[in-house]
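A short write-up of the structure that comes next.
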Protein chains: 2
Amino acid sequence: MTEPDMPTPPWERARRRPARVRVPLTRERIVDAAFVVLDQEGLDGLSMRRVASELGVAVSALYAHVDNKGELLELMYHRLFDGFELPEPDPELWQEQLKDFARESRARLQRHRDMARISMGQVPFTPELLRHVERLLALLRTAGVPDRVAAIAGDMLSTYIDGFVAEEGVWQERYQGEDTKSWSEIREDMKEYFGALPPDRFPNMLAVANLMVDETNDYRFDLGLDIILRGLASYVKEPPDAS
Amino acid sequence: MTEPDMPTPPWERARRRPARVRVPLTRERIVDAAFVVLDQEGLDGLSMRRVASELGVAVSALYAHVDNKGELLELMYHRLFDGFELPEPDPELWQEQLKDFARESRARLQRHRDMARISMGQVPFTPELLRHVERLLALLRTAGVPDRVAAIAGDMLSTYIDGFVAEEGVWQERYQGEDTKSWSEIREDMKEYFGALPPDRFPNMLAVANLMVDETNDYRFDLGLDIILRGLASYVKEPPDAS
DNA sequence: GAACGAGTAAGAACGCTGTTCAGTAAAGCA
DNA sequence: TGCTTTACTGAACAGCGTTCTTACTCGTTC
């Protein structure tokens, strides 16, 4: 194609690399494409074939860079923690620090459709992610949370966050099939459903139905978080007191 | 076909019912078969075809009784609550009652492989299951938990229970691929893995590693439960005091 | 400069999946 | 006894994750 003897002219030289349209496939590019597919089709529509087509590439090409779909999901899960640094533990501020951690986690999960569902299926015990777990444990332990409590508190927080965001996603998904209803419309539907319950058999449901529906998700998330934090705090002994 | 007046002769009586080898397919029988498959193959191996073959029936026959696989999973989820009655709320005993509820839930989830994973994907807002939610809410509200807290506490408890049992299942599954290792062997492996971490970079992990591994799952489950219960209790005002 | 070897991508294939649909056999009713 | 309704079958469709053989391109070495 090119004359081997001739020097490449400057305009070519500038063009050379971009000329080969075929940008080499990398894990990074595959994960990028996977996120595009995830946002468009959701987790159930995230297939290797769809990711490949997003890259303009054959399916089998992916398997040179990724062992299987499970590993691809794991790589996506790792993205969740990119640049996610937990602060230096401050015993005075541990509750606020934990709240910030939880809110940041939720925000990151919300950045991609069904991301919470992916997260729920993963265990952060890979070498890269252990650092993160370590920092979370540091936060809890320097706060004075007993070791045996701290050992499961991290799990509990993550489970709560994943579960909450996943549930948010379910409601959103369930109602955007046809009309892409807004949250306020969903709320109206829910209120109608709960309001129609026979009052004699469901007095407690009716009593809290409005609260379940009216409050913003942000508020409900923080409230659930507070329940856990108060529970944790109940195990923290005052520093100067008895051991 | 049968003479309504005449008594059925004994030879007929013996042959009649068993003669039609084909026991009619029902939702119940399909769900039964689905549980057999679930226990043998796990959730990932639970396919409509496999369920059909368990019944000695064509796949398409299932679809006369069940809309789709999702509905089958929903029916299996409903089984979880068969005969699961919550006690009459007693304000004095609410913490114990809640613990009993949680332990019973966990035990039921553990009765079938991957049942927790199925449960996580379901919302108990179907007419049959609302009764259960109502009872749970009754427990919380008569205990003095404020409405806005009770409104999310039920969700939180369920999420915790599902998440815990699902995680138990993951460890079990991960290690029974080859040798069907026992829990004690799994523990040994984990201890070795955590023990090999560089102590300067993972001091907190190392400090709690033994606790994460040594304690029984029952203990860890109850401890997590206590965290939530203490959190909830912190919202309960004393009865005689200020409103 | 030519030959080679490693690594990348393509294409077809395998065995599975959930679901649908036209056809058939059996059961219930007149 | 014949007819209608129901219950089931078998084949098919489109899609899935994964593997394997083949083609090709690149950087390196002789």
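Below, chains carry the letters A, B, ... as their sequence lines are ordered, and counting in each starts from 1. Computed from a prediction, not measured in an experiment: that's the story for all the values here.
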* Asked: Under 3.5 Å, is there a donor-acceptor pair between the B/R113 and B/Q172 side chains?
  ->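 Side-chain D/A pair, B/R113 to B/Q172: absent.
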* B/A61 near the nucleic acid: base, sugar-phosphate alone, or nothing, with a heavy-atom cut-off under 4.0 Å? ->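 Base contact - B/A61 has a heavy atom under 4.0 Å of at least one base atom.
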Report all interatomic pairs (protein N or O, nucleotide N or O of nucleotides 16-20 of chain C) with separations under 3.5 Å.
from, atom 1, to, atom 2, distance (Å)
C/dT17, OP1, B/S47, OG, 2.9
C/dG18, OP1, B/M48, N, 3.4
C/dG18, OP1, B/K69, NZ, 3.0
C/dG18, OP2, B/M48, N, 3.0
C/dG18, N7, B/R49, NH1, 2.6
C/dG18, O6, B/R49, NH2, 3.0
C/dT19, OP2, B/Y63, OH, 2.9
C/dT19, OP2, B/K69, N, 2.8

* **Atom-pair distance (CG on B/L55; P on D/dT9), nearest Å** =>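 It is 10 Å, rounded to the nearest whole Å.
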* To do: Could you check how far CG of A/L62 sits from P of D/dC16, rounded to whole Å?
  =>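 One finds 13 Å between P of D/dC16 and CG of A/L62, rounded.
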Can you name the nearest heavy-atom pair linking [X] to [Y], along with the distance?
{"X": "B/A151", "Y": "A/L211", "result": "CB-CB, 4.4 Å"}
{"X": "A/Y193", "Y": "B/F125", "result": "OH-O, 3.0 Å"}
{"X": "B/M48", "Y": "B/L62", "result": "O-CD1, 3.3 Å"}

* Asked: In chain order, what residues pass the ring-ring contact (aromatic ring centres under 6.0 Å, His included) check against A/F81, with sequence neighbours excluded?
  ->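 A/F81 satisfies ring-ring contact (aromatic ring centres under 6.0 Å, His included) with A/Y77, A/H132 once adjacent residues are dropped.
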* Between A/H65 and C/dG7, does any side-chain N or O lie under 4.0 Å from OP1 or OP2? ->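 It does not, given that no N or O in the side chain of A/H65 lies less than 4.0 Å from OP1 or OP2 of C/dG7.
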* To do: Give every residue pair that meets the salt bridge (charged side-chain N to carboxylate O under 4.0 Å, His left out) criterion with at least one member in residues 61-78 of chain B, sequence neighbours excluded.
  =>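 Residue pairs passing salt bridge (charged side-chain N to carboxylate O under 4.0 Å, His left out), neighbours aside: B/R27-B/E71.
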